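Read through the structure below, which is laid out as structure tokens, and then see the notes.
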Amino acid sequence: MATERYNPREAEPKWQKAWAEAKLFETDNDDPRPKYYVLEMFPYPSGRIHIGHTRNYTMGDVVARHRRALGYNVLHPMGWDAFGMPAENAAMQNKVHPGKWTYANIDTMREQLKLMGLSIDWTREFATCDVDYYHRQQMLFLDFLEKDLVYRKQSKVNWDPVDMTVLANEQVIDGCGWRSGAPVEQRELTQWFFKITDFSQDLLDSLDQLDEWPEKVRVMQRNWIGRSEGLQIRWELDKATAPAGETELEVYTTRPDTIFGASFMAIAADHPLAKNVAATNPDLAAFCDECRRAGTSVAALETAEKKGFDTGVRVVHPFDPSWTLPVYVANFVLMDYGTGAIFGCPSGDQRDLDFANKYGLPVVPVVMPKDGDAATFQITEEAYVDDGVMINSRFLDGMTPDAAFEEVASRMEAVTIGNQPQAERKVRFRLRDWGISRQRYWGCPIPVIHCDDCGVVPVPKADLPVKLPDDIDFEKPGNPLDRHPTWRHVTCPQCGKDARRETDTMDTFVDSSWYFARFTAPKADEPTDPKAANDWLPVDQYIGGIEHAILHLLYSRFFTRAMRETGHLDLAEPFKGLFTQGMVVHETYRTGSGSGAQWHAPSEIRLEESGGKRRAVVIETGEEAEIGHLEKMSKSKKNTIGPEEITQGYGADTARWFMLSDSPPDRDVEWSDRGAEGAHRFVQRIWRVVSGAAGAIAPGDAAAAGGDGLAMRKAAHKALKAIGEDFEKLGFNRAIARVHELVNEIAPVVEKAASGSNADKAAAHEALSILVQVIAPVMPHLAEECWQTLGYETMVAEAPWPAFDPALVEENSVTLPVQINGKRRGEIVVPKDADKAAVEELVLGADFVTHHLGGAAPKKIIVVPNRIVNIVA
RNA sequence: GCCCCCUUGGCGGAACUGGUAGACGCAAGGGACUUAAAAUCCCUCGGCCUUUGGCCGUGCCGGUUCGAGUCCGGCAGGGGGCACCA
């Protein structure tokens, strides 16, 4: 039967309209069926969607459609992470209001997303820059403030002295501001912080329960929280060298066992002792300034050359009053960590060793391998960091480091100096409180007022929202909120006098730390409807990029706990299942180099192949472009493919199918036109198989089918079982491979069945129905078209997932490979679950076995039931 | 610098919990159909050899095991994160 080609340009809009009219994807909170919440990390509205974005929405959509078919009440919402710097950059460059720019982008991107046929409940959509949303975020802030989860303290920022603005780490390039090029300073500002450290231990312990998270994300979070058990030690300053008013230096260490290997103390440039000495020592003051000019990021500090400056101050060793050690200011010690001071043990730490070698400080080995020789064991270029035995450590000699730790700790705890023990055991966390102040316009205003008399006064809830003013200009440097003529002037809600609004806005990570809760009741007056939040949360399956493995996920875990303390919901962990997907990458095309470099979009390029070498030619100019590496799709490198380019040609289903084929979902996938072509061929093949047979087959008594018909049913039911399991494990690429296998198996049989018995026709109808249902989550439009063609009157999007017949899935015999000495020599067919004795007998009777054994008796026969046989000769 | 991940044919990848390495797809080559092209269908497709068979082969070196892509130790290469990008 001749059939027309499947036309996605016609079918896709048609079915999207049909779904929308039937309101199939609008979710009712009161639906009594079991709930399933699937969520993809919402996008930043940067301008246009490219198919890189759509891959994870497609994954979520497959999960959503599959779960819906399994009978769940599915929540699958979408929104916009809409505050942030790019809007301000656009405002400065294009003189367009950040809000206007953002909402225009959202409109464009929503339309693009809709082309993909995602089963999203659009009635719940919001953007975090909607006043309705940030109004509720301000309510949360006030509740947190009341519960003592928010406070202010001094903290450092990257300050651009020319642009008069605070810079993000990414805006600091080689120590200079990206726009002004001026050297960046570190400035202390009073800023707002969330007390995430209140939950350090709980955030750490609860990771063990998140067993549907990738192990690597849990490891990253564990390291980030960084729990350590150590000793806080007070070192007495040598009176002859101590500056006025200073008597001791407090140091935190996780290795008190190495105390006899100590050869120097290192303190942060901002340590009070450093500041004290610097006041009378201009050279030190200059060195401290230099340290402050380095970036604020750990990576910048750690990769910078290790430098120190001797303060001249000496400390006295706690176990030897005659032993003094120098105190250095060092550029790798951070005031935020521990006490801002460490003792350096060069033999046991590579960084300390490098430092000691540079400044000619002693290196005394204190731990050596168990079988080492204490008399000759030396450390010169490489520190010894492993376990072993203590040496050169007086009363610790011969102990393990662990025992030495205990010994030092208990001796020092027992010594009292000035009414306090000399040392204290302390659990510390690397995790720092979350600084949320941003000196920017395009963010959620922090709802407080500064009054000269009353201090910091929260904005009364009745006065919320504190709205961002619309009339702003980005012409001048600095924060537009600061220099707005009227916005910041208010009366104090407590005393009625003139007061000033807080002009800091919130970190955009705050916006994304509770949006998943807001989706459960997006129109509620309070931040959440606690019943809806508790019913829906935790999110059953959260899908997003690995780049959010630490901050976004940790902040959201904190927020959920804080919202529980303030009564907005009643759970601790927001995301039950987490999946981190890979990116879609594409090669880049560049002409010119350096500052004259120009990037070209794939659509502007023609690829040629000659002599086994690929060449890229710019179509318009004929110029050859350099083919660059596979990179994440980005606007700046122009290596993006938009969904329209696909939907206008092959259709959304082809793009969805291609993006989930081949590459496992947690790895990157390379977009290639050939791959997309291949995916589209398969779309047409399914259409051909289904539409070609549909008119000649009909539902009926499929169970009566034998021979090919039975084989076809077995193939379909086996595939159905396997694909269902793959979808549950998010094994989309495996599911797709199985669909290919299924089509390969049934296509020839279906054709014959069209002219066969009624039982064969029924078997073909059943097999094709199963095929259509298993492809429906990935290729929903094609599936609807096929479903209709097969004679169904309802849509496949609302059809329940079919059940496989266990009898058709079970095999009663199994092919066992037979190895002799670990090499495969042949195979035998045995009944399923045959016992070992029977298998051994069969194996020993096989020709190829007797041939290989050459008459000798086997030493041993290993039979792994239903798996393999290995004969040891 | 620290932490984490990855490495299997020409390419993307499959292989459940240590049990037939290369499923499935892409590309390539050959054939059928066609006046021709597209589309479609069929065959071949890790390497080597003395080819109804055999040897080698999962980044490299070593180990555990009857058996290792999978586990352990070491090394190399590539990628990601590092607190104001989102």
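Every heavy atom of this structure was used, including side-chain atoms; hydrogens, water molecules and symmetry mates were not. Naming: A, B, ... by sequence-line order, numbering from 1 per chain. Everything quoted here is computed from the prediction, not taken from an experiment.
Contact check, A:Arg667 against B:G78: no side-chain N or O comes under 4.0 Å of OP1 or OP2. Dashed line: the shortest gap from a side-chain N or O of A:Arg432 to OP1 or OP2 of B:A83 is not under 4.0 Å.
Counting any heavy atom pair closer than 4.0 Å across all strands shown, A:Pro664 reaches sugar-phosphate atoms only and no base atom. As judged by a 4.0 angstrom heavy-atom cut-off over every strand, A:Ser46 is placed among residues making no nucleic acid contact. Across all strands, A:Trp224 comes closer than 4.0 Å to base atoms (heavy-atom distances). A:Gln439 comes within 4.0 angstrom of a nucleotide base, judged by non-hydrogen atoms across all strands. Residue contacts for A:Phe509: at a heavy-atom cut-off of 4.0 Å it reaches a base atom on one of the strands shown.
Listed by first residue number, the stems of RNA chain B with at least three Watson-Crick or G-U pairs below 3.5 Å are B:1-7 with B:76-82, B:10-12 with B:24-26, B:28-32 with B:40-44, B:46-49 with B:53-56, B:59-63 with B:71-75.
Residues that satisfy the side-chain contact (heavy atoms from CB on, under 4.5 Å) test with A:Ile196, not counting sequence neighbours, are A:Leu203, A:Leu431, A:Asp433, A:Trp434, A:Leu554, A:Tyr555, A:Phe558. By the ring-ring contact (aromatic ring centres under 6.0 Å, His included) test, A:Trp192 pairs with A:Phe141, sequence neighbours left out. By the side-chain hydrogen bond (donor to acceptor under 3.5 Å, both in side chains) test, A:Asn821 is found to be paired with no residue, residues two or more places apart in sequence or in another chain being considered. Here A:Ala91 pairs with A:Pro98, A:Phe474 under the side-chain contact (heavy atoms from CB on, under 4.5 Å) rule; sequence neighbours left out. Scored by the ring-ring contact (aromatic ring centres under 6.0 Å, His included) test, A:His552 finds A:Tyr542, A:His548 as partners (sequence neighbours excluded). The side-chain hydrogen bond (donor to acceptor under 3.5 Å, both in side chains) check on A:Tyr133 picks up A:Trp514, with sequence neighbours excluded.
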Please report, to 0.1 Å, the donor-acceptor pairs under 3.5 Å made by any side chain of residues 654-662 of chain A, with sequence neighbours excluded.
from, atom 1, to, atom 2, distance (Å)
A:Thr654, OG1, A:Tyr650, O, 3.2
A:Thr654, OG1, A:His680, ND1, 3.0
A:Arg656, NE, A:Val778, O, 2.8
A:Arg656, NH1, A:Asp61, OD2, 3.0
A:Arg656, NH1, A:Met116, O, 2.9
A:Arg656, NH1, A:Gly117, O, 3.3
A:Arg656, NH2, A:Asp61, OD2, 2.7
A:Arg656, NH2, A:Pro777, O, 3.0
A:Ser661, OG, A:Trp657, O, 2.7

Under 3.5 Å donor-acceptor pairs involving side-chain atoms of residues 41-48 of chain A, not counting sequence neighbours:
from, atom 1, to, atom 2, distance (Å)
A:Tyr44, OH, A:Ala87, N, 3.3
A:Arg48, NH2, A:Glu644, OE2, 2.8

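Judged by the 6.0 Å and 45° rule, A:Arg5 forms no cation-pi pair with A:Trp687.
Considering only side-chain atoms of A:Lys216, the nucleotide from B:C5, B:A83, B:C84 that sits closest is B:C5.
Checked by distance alone, A:Asn870 brings a side-chain donor or acceptor within 3.5 Å of a matching partner on the base of B:C66. Put simply, the side chain of A:Gln191 and the base of B:C84 share a donor and an acceptor less than 3.5 Å apart.
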Spell out protein contact along nucleotides 52-59 of chain B as letters: B when the base is contacted, S when just the sugar-phosphate is, - when no protein heavy atom is under 4.0 Å; keep the 5' to 3' order. --SSS---
How does each nucleotide of nucleotides 21-31 of chain B score, in 5' to 3' order, for protein heavy atoms under 4.0 Å: base (B), sugar-phosphate only (S), or none (-)? --BSSSS----
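Applying the side chain to side chain donor-acceptor pair (under 3.5 Å) test to every pair with at least one member in residues 733-743 of chain A, sequence neighbours left out, gives these pairs: A:Asp726-A:Arg734, A:Asp726-A:Arg738.
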